[in-house]
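Note on naming: letters A, B, ... go to the chains in the order of the sequence lines (proteins, then strands), and numbering restarts at 1 for each one.
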Amino acid sequence: MPEGPEVETVRRSLAPWLVGSRITALSLRRRDIIVTPADPPGGFSRQRTIPTRPRPVPRPDLLLDQTITALERHGKQLALIADSGRVLLVHLGMTGKLVVDALPVPSQVASRRAARAPATPHTHIQWNLSTPYATPGTPSTLRLRFIDPRRFGGLWTLPTRDDLTLRWSSLGPDATQITPAALAASLASRSAPIKAALLDQAIVAGVGNIYADESLFLARLHPRAPAASLSPAQLAALAHAIRTVIHAAIDARGSTIRDYTDSRGQPGTAQLTHNVYARAGLPCPRCASPLASATIAQRTTVWCPNCQTQPCV
DNA sequence: CTGGTCTCCTGATCGC
DNA sequence: TGCGATCAGGAGACCA
């Protein structure tokens, strides 16, 4: 389940392959994974279209015939920036993947094999790219695939860099850089449980269910504590905990719980250091009390009832 | 504006 | 072995 650290790991594993590469072809299998700003009313909506058979489509908004100049991330969102100025914004959602590899060379053997074996299921779009970095032994033609079984993810096509800036301005600071002051400002009027607030991307971008629980554990805060009730010292502890947890997870190349991998298929190892996530009933790593579990903000939440401060209600 | 609930979607897992 | 129920959750829609 990609949260900020997983998306950052994807970004880092994609960048050496994509930056400088030019998209030479694309194949769109499901149009309804694409969201365009032009869709009325209310701005963004899915294109409800019958799934199409794979076919080449002239889509400049999907960066066809453009060169990728940068990959940028804010929170859980990954932006492919093209030399044209266009931006393709990717949400991985729950089960989304961006996978890059060498484009299989067509051959009779490969064709027959491909005809027998179905393509990777849930591949909604594929881009072919030519890379300028080809050396002997290195393929010069790549393919990038967006694969998302549950389709909670999607693609946003943005005409300009300014549209990206505008869109990202509605998100809070990236979790890698969250400060006590920023938390204080955005939580001051929030009576919701701090757990719910941490999942709100407008408050801090990139924290999902796993890292919210881990951050609250590190900061010794009860997930039900009203957000606005936190003291300055607690806010400082929380901001520090978020940065610590997120940076450690990035260093570990993300958490592989079920099927998350980076763009080259490599799993992360951050799950090995989780203190509370998915550990309900097991002893607290700090005090050995059994960890408690409940649903907060529609999410399974795990905490230590002994060493995470009770909410003062 | 805020917060809570619902919804989307498929695969893994579990109890019977 | 099969099958229905349950769970996983990011984030927008919707309502009080």
Side-chain angles (χ1 to χ4, degrees), chain A residues 1-8 10 29-37 39-51 73-78 89-98 118 120-124 146-156 167-168 170-172 174-175 185-215 223-229 246 249 254-261 267 271 274 276-281 293-302 311 313:
Chain A
M1 42 206 77
E3 301 180 23
E6 287 73 33
V7 179
E8 174 63 15
V10 169
R29 290 168 172 79
R30 281 199 74 110
R31 287 189 45 156
D32 63 2
I33 59 151
I34 298 171
V35 183
T36 61
D39 286 349
F44 293 86
S45 67
R46 293 296 178 105
Q47 291 180 356
R48 287 296 165 197
T49 313
I50 299 167
R73 180 193 63 85
H74 190 91
K76 303 168 187 172
Q77 304 184 14
L78 181 64
L89 189 59
V90 182
H91 278 220
L92 297 178
M94 272 294 294
T95 54
K97 281 187 179 194
L98 281 173
T120 305
H122 311 297
T123 299
H124 305 313
F146 177 71
I147 304 167
D148 186 10
R150 291 170 68 180
R151 302 206 302 279
F152 281 16
L155 308 176
W156 278 251
R167 190 173 168 79
W168 279 357
S170 64
L171 297 176
D174 188 79
S186 56
L187 297 181
S189 63
R190 293 292 195 122
S191 62
I194 184 61
K195 168 67 183 277
L198 288 183
L199 295 176
D200 184 342
Q201 301 300 294
I203 291 175
V204 51
V207 174
N209 199 40
I210 296 173
Y211 300 118
D213 280 8
E214 295 299 321
S215 298
R224 285 198 215 273
S229 74
I246 295 290
S255 299
T256 295
I257 302 299
R258 192 165 281 125
D259 54 7
Y260 161 77
T261 66
Q271 71 280 3
H274 291 169
V276 290
Y277 178 80
R279 294 177 50 84
S293 175
T295 298
I296 302 175
Q298 280 69 248
R299 296 291 175 266
T300 300
T301 301
V302 185
V313 177

Subject >> Minimum heavy-atom distance between A/A192 and A/A196, given as atom pair plus value >> reply: CB-CB, 4.4 Å
Original post:
Any side-chain N or O of A/Q201 under 4.0 Å from OP1/OP2 of C/dA11?
Top reply: yes
Original post:
Quick one: is A/T300 getting a side-chain N or O under 4.0 Å of the C/dC7 phosphate, OP1 or OP2?
Top reply: no
**OP:** Using atom CE of A/M94 as one end and atom C1' of C/dA8 as the other, report the distance to the nearest whole Å.
**Re:** 5 Å
**OP:** Would you mind telling me which residue lines up with the more 5' stretch of DNA chain B, A/A192 or A/P149, judged by nearest nucleotide?
**Re:** A/A192
Subject >> Exercise: do A/Y260 and A/E3 side chains pair donor with acceptor under 3.5 Å >> reply: no
**OP:** Could you check how far CD1 of A/I257 sits from P of B/dA12, rounded to whole Å?
**Re:** 16 Å
**OP:** Give the rounded distance in Å between these two atoms: CZ of A/R30 and C1' of B/dC8.
**Re:** 12 Å
Subject >> Short N-O contact, A/D213 and A/R299, less than 4.0 angstrom >> reply: no
**OP:** Please examine the side chains of A/I33 and A/D148, heavy atoms only from C-beta on, and report whether any two atoms are closer than 4.5 Å.
**Re:** no
Original post:
Rounded to whole angstroms, how far apart are CG on A/L199 and C1' on B/dG3?
Top reply: 13 Å
**OP:** Take the protein atom CZ of A/R190 and the nucleotide atom P of B/dT2, then report the distance between them rounded to whole Å.
**Re:** 6 Å
Subject >> A/T95 vs B/dC9: side-chain N/O to OP1/OP2 distance below 4.0 Å >> reply: no
**OP:** Identify whether any heavy atom of A/Q298 sits under 4.0 Å from a base atom; if not, whether one sits that close to sugar-phosphate; answer base, sugar-phosphate or nothing.
**Re:** base
**OP:** Please work out if A/Y277 contacts a base, only the sugar-phosphate, or nothing of the nucleic acid, heavy-atom cut-off 4.0 Å.
**Re:** sugar-phosphate
**OP:** Figure out the CG/P separation between A/D200 and B/dG3, and round it to whole Å.
**Re:** 9 Å
Subject >> Contacts of A/H124 that satisfy ring-ring contact (aromatic ring centres under 6.0 Å, His included) - sequence neighbours left out >> reply: none
Original post:
Side chain of A/R151, base of C/dG10: donor and acceptor closer than 3.5 Å?
Top reply: no
**OP:** Round to a whole Å and report the spacing from CG of A/D148 to C1' of B/dC9.
**Re:** 9 Å
Original post:
How do A/H122 and A/P193 order along DNA chain B: which one's closest nucleotide is nearer the 5' end?
Top reply: A/P193
Subject >> Protein-nucleotide distance (A/H91, atom NE2; C/dG10, atom C1'), rounded to Å >> reply: 9 Å
